[in-house]
2 protein chains.
Amino acid sequence: MTRSKVSPDGRIPDRDVAAKLVIIMVGLPARGKSYITKKIQRYLSWQQHNTRIFNVGNRRRIAAGVLLPPAQNGQSPLANGHSDTPLQEAASILLNGGRDIRIEEPTALDLNSPTGTDGEQKMDQSAKFFDPKNETASRIREQVALDTLDELIDYLLIGNGSVGILDATNSTLHRRQLLVDRIKEREPKLGILFIESICNDQSLLEANMRLKLSGPDYKNKDPVKSLEDFKARVKAYESAYEPIGEYEEKHDLQYIQIIDVGRKIVHHRLRGFLASGIASYLTTFNLSPRQIWITRHGQSLDNVAGKLGGDSDLTERGHYYGMALYNFITAKRKEWVVEQENKIARASFPPQPGDHTPPYPEFNQDLEEKNFCVWTSMLKRSTETAEYFEADDDYDVKAWEMLNELNAGTFEGMTYEEIATKHPDEYQKRQHDKLQYIYPGVGGEGYLQVINRLRDMVREVERVADHVLIISHRSVCRVLMAYFMDLTREDIADLDVPLGMLFAIHPKPYGIEFHAYRYNEPQGWFDEVLDYKPQKTQDRNN
Amino acid sequence: MTRSKVSPDGRIPDRDVAAKLVIIMVGLPARGKSYITKKIQRYLSWQQHNTRIFNVGNRRRIAAGVLLPPAQNGQSPLANGHSDTPLQEAASILLNGGRDIRIEEPTALDLNSPTGTDGEQKMDQSAKFFDPKNETASRIREQVALDTLDELIDYLLIGNGSVGILDATNSTLHRRQLLVDRIKEREPKLGILFIESICNDQSLLEANMRLKLSGPDYKNKDPVKSLEDFKARVKAYESAYEPIGEYEEKHDLQYIQIIDVGRKIVHHRLRGFLASGIASYLTTFNLSPRQIWITRHGQSLDNVAGKLGGDSDLTERGHYYGMALYNFITAKRKEWVVEQENKIARASFPPQPGDHTPPYPEFNQDLEEKNFCVWTSMLKRSTETAEYFEADDDYDVKAWEMLNELNAGTFEGMTYEEIATKHPDEYQKRQHDKLQYIYPGVGGEGYLQVINRLRDMVREVERVADHVLIISHRSVCRVLMAYFMDLTREDIADLDVPLGMLFAIHPKPYGIEFHAYRYNEPQGWFDEVLDYKPQKTQDRNN
């Protein structure tokens with residue numbers, strides 16, 4: 001029986017093996033598999049479940065004696081930030097460029113392909129290696145898949161992992177059985193979840209291929225030739241493909257099937273809170289092109305006084321911020337419609353180089369009519385910042401409890417200086433670990449509580465196809481940004497989000513396009529901050 | 001585009017037609033359709049969405065000139081508690097025994113059947129009426145279905161309804177098209193969601209039929225004969241049955257398919273927060289036999305002082321309560337295993353009269369090994385009450401933020417007398433409408449906030465197959481009991497939940513079995529309160 005034990009820091013305790021999960025991806029190339037994989041990893045990591053992607057293709061290339069350049073590799077259990085030995089550390093840097101979990105898996109096409117790609121040829125692996133009739137090679141490929149799985153299981157059983165995702169096509173029943181047998185052999189209690197992405201709709205497939213063609217693999221190549229090449233590769237796979245079904249159902253295996261980019265979703269035998277949570281998450285999201293804006297409220301009276309929390313009104317400057325925000329967003333909203341329409345007008349298939357047409361034409365209907373939601377917290381400084389939107393019928397304003405500022409418990413209304421003087425021990429505790437610190441008193445919260453209560457907010461943002469502007473507070477903006485920017489556990493509580501910063505997130509089928517703007521108070525407008533990178537706050541209190 | 005506007009009282013505003021939902025049930029008899037219908041209605045009502053079931057069979061019987069006795073009828077829009085005219089009121093009493101939304105729909109089998117049942121024969125409807133070749137009758141049946149749908153749409157567009165559930169087999173494509181056309185004709189923006197229950201597994205079907213045979217329809221009849229009768233009825237339906245599929249997908253209609261009691265679930269094209277929420281809810285629940293216990297913490301120091309909220313320790317009496325609770329629950333847990341084993345041993349198919357075998361044998365594996373979760377809030381009086389469970393490895397103790405007491409904001413730590421003296425206006429506001437009242441100050445909550453934050457808790461309770469004991473606080477217990485006991489909006493905030501009451505809920509495939517126990521302090525034990533009915537608190541403050 002799955003236990004839902006979670007340790008005080010929000011993580012699954014090491015001893016609770018039954019709550020840990022192996023996710024096995026299944027699907028042909030160009031089915032959005034790697035998009036789904038990354039999205040799950042980002043969501044689970046944000047929810048404080050240690051999650052890592054294990055890519056079989058990368059491992060195979062290593063097995064074949066080819067070490068990849070840092071920009072082109074996946075994760076290995078050696079590669080976490082907690083390396084114990086200098087050797088492990090060196091390996092980590094070599095394999096992953098020294099970064100932790102968050103490293104991008106290769107954006108290259110799935111290289112499990114029997115025909116190989118340019119990239120693979122460069123890596124000096126002969127086409128013979130991928131020939132299905134080459135039995136030695138086939139045995140090596142199988143061995144590599146099992147070795148990667150073993151790394152994944154080590155990560156769960158020996159490392160501090162909660163979820164490992166095996167990213168490969170895993171498109172035959174034989175392969176999937178092999179994987180299940182190995183997992184059961186090593187630890188029968190481990191949860192197993194198959195996630196399959198299927199695409200039957202021809203126009204969606206074309207859209208996915210368009211994506212691939214404008215992606216790094218084919219970026220500067222002849223689109224017509226590239227398309228032919230790609231189609232040939234997919235065809236080779238299709239002949240051997242055995243979708244998830246009868247066998248998995250007979251053996252009571254958990255699976256989620258995503259058909260035609262979420263148009264239809266099948267859940268089978270889901271048990272355990274991780275599998276259920278992933279299922280809910282995958283059910284909600286949509287690929288509709290739109291904008292998500294995040295900012296803090298305008299200046300409040302308590303901001304001026306340097307007091308924590310509270311529920312004070314805006315200052316005059318704060319009201320002006322609300323007006324500037326309204327004017328700027330309204331202009332950007334109109335700009336966006338024009339841009340989208342231009343993109344659609346320029347679209348062709350196969351795409352011309354540099355063609356960034358939004359890939360799912362069906363989502364481009366009614367661009368003009370797209371709703372715009374403005375979500376505030378229940379606190380006055382947030383709702384007052386939305387006053388100009390409130391007055392305009394073209395915006396839907398709604399206040400959410402979830403978006404309230406982190407509750408400072410008995411320290412509400414105090415300044416950091418007061419806390420340092422009156423409660424030096426609490427002050428030190430917070431300085432020492434802001435992420436885990438919980439303010440004393442009834443209702444007092446910490447960052448982990450805020451992460452927890454914003455889970456539903458993130459699902460809601462992912463679910464709606466409307467534009468959304470969130471006007472909230474420092475800690476909430478940090479946690480939301482941590483989700484969208486894939487920040488590590490360590491960075492969440494220190495992210496610099498001063499008053500007046502405005503962030504724009506455009507969800508794209510291949511990830512996120514991000515823009516940052518800074519309030520230009522004299523002009524009553526916003527200036528784009530080019531090449532914005534998340535920064536640490538300079539003020540140790542905030 | 002679906003808007004997620006919710007008015008301040010948690011309800012969908014009348015003007016927001018696009019957020020309202022018509023649910024059309026689809027499925028053969030004995031597929032758990034009415035179980036699902038009731039469950040959705042209870043969940044949505046609890047979440048403050050006005051929801052009503054419209055039963056086509058009942059309406060047809062009325063159309064045929066037969067008025068049902070009060071115990072055997074469904075809902076009609078006339079039958080809400082807000083009847084405007086004496087005539088409507090009379091009709092309401094006549095049709096529904098005067099009760100509001102919560103009235104049980106008929107537990108009788110779906111009477112849409114072409115063969116009719118004993119019940120229908122009594123009602124003097126000739127078998128000819130159900131003959132598929134009888135075209136007049138067929139037209140009348142269609143008209144009745146449309147009339148019922150019209151009532152449902154009136155409830156959404158004219159009444160204050162948010163969700164209407166059309167409960168019938170709706171097993172042909174023709175019928176479903178007819179319904180969709182009518183809805184679009186009346187209000188094209190209304191959301192439509194099909195929910196189909198399918199059962200392919202023979203042992204599950206037998207289990208469902210076993211349920212029907214021990215139900216009110218066949219209670220004192222020969223089980224062998226009843227089973228034959230029932231199987232014949234189902235067969236007649238099966239021949240004409242057209243499951244949801246191609247047509248609905250081609251027309252982009254939203255649907256949820258529940259296959260083999262949730263083993264497999266298909267979502268298609270879900271949009272809108274109601275449909276998504278229903279999907280998440282239906283995904284989680286299981287039919288595993290188990291016990292859910294709810295109680296408050298033992299006596300705390302603040303209880304003695306009459307202070308609101310706070311985070312005080314238990315008194316000595318409070319610690320004794322924790323010990324008694326541990327002893328009693330441990331005894332009950334052992335009793336339960338013996339009972340279940342006896343039931344399984346006595347089982348036969350077809351069942352003997354009075355045989356209440358748990359219907360899903362697969363869920364009865366590992367009775368002994370079933371986990372027992374003890375969930376507390378993060379407050380000391382709750383965690384301290386669980387201290388004896390904490391010391392026993394056979395219990396999984398976990399503290400949840402969600403289970404914390406309603407936050408009284410700036411009134412935390414005050415007595416009601418103090419509030420009445422110092423803040424008479426706030427005191428009066430709360431007396432006037434406890435459900436909508438929100439305590440002042442940052443973090444201050446009201447019942448609607450508690451209902452909102454317990455949504456995930458209820459899903460979690462429904463999801464786990466383990467036993468659960470929840471040790472929480474007055475307002476949280478009230479809101480949880482409101483869900484399980486299907487209390488009306490008006491009753492939630494006044495439910496009497498004194499210290500020392502212990503409630504046991506056994507989820508059953510046909511509803512809930514409920515027991516209440518009262519702490520016997522001198523004996524250190526609990527006495528069952530027979531025929532317990534939810535009561536209003538006598539203390540106007542609590």
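Predicted model, so just to flag it, every value in this text is computed and none were measured. Scope of the values below: all heavy atoms of this structure, side chains included, with no hydrogens, waters or symmetry mates.
Distance CZ/A/R459 to CZ/B/F273: 16.0 Å, rounded to 0.5 Å. Residue A/E445 holds its CD atom at 10.5 Å from CE of B/M378, rounded to the nearest 0.5 Å. Atoms CD and CG, from B/E249 and A/N200 in turn, are 9.5 Å apart once rounded to the nearest 0.5 Å. The CG atom of A/L448 sits 10.0 Å away from atom CD of B/E401, with the distance rounded to the nearest 0.5 Å. Interatomic distance, A/E460 CD to B/S276 OG, rounded to the nearest 0.5 Å: 8.0 Å. Taken to the nearest 0.5 Å, the CG atom of A/D252 stands 6.5 Å off from the CZ atom of B/R263.
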Verdict with reasoning, B/I265 to A/V266, per side-chain contact (heavy atoms from CB on, under 4.5 Å): CA-CA 6 Å; B/I265 292 183; A/V266 182; over 6 Å; no

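Residue A/N404: no heavy atom, backbone or side chain, is found under 4.5 Å from chain B. Only the side chain of B/R455 has a heavy atom closer than 4.5 Å to any heavy atom of chain A. Neither the backbone nor the side chain of B/N452 comes within less than 4.5 Å of any heavy atom in chain A.
Note: B/D456 leads B/D311, B/D456, B/L270 in heavy-atom pairs under 4.5 Å with chain A.
B/K264 pairs with exactly one of A/H267, A/Q257, A/H268 by the side chain to side chain contact (heavy atoms under 4.5 Å, CB included) rule, that one being A/H268.
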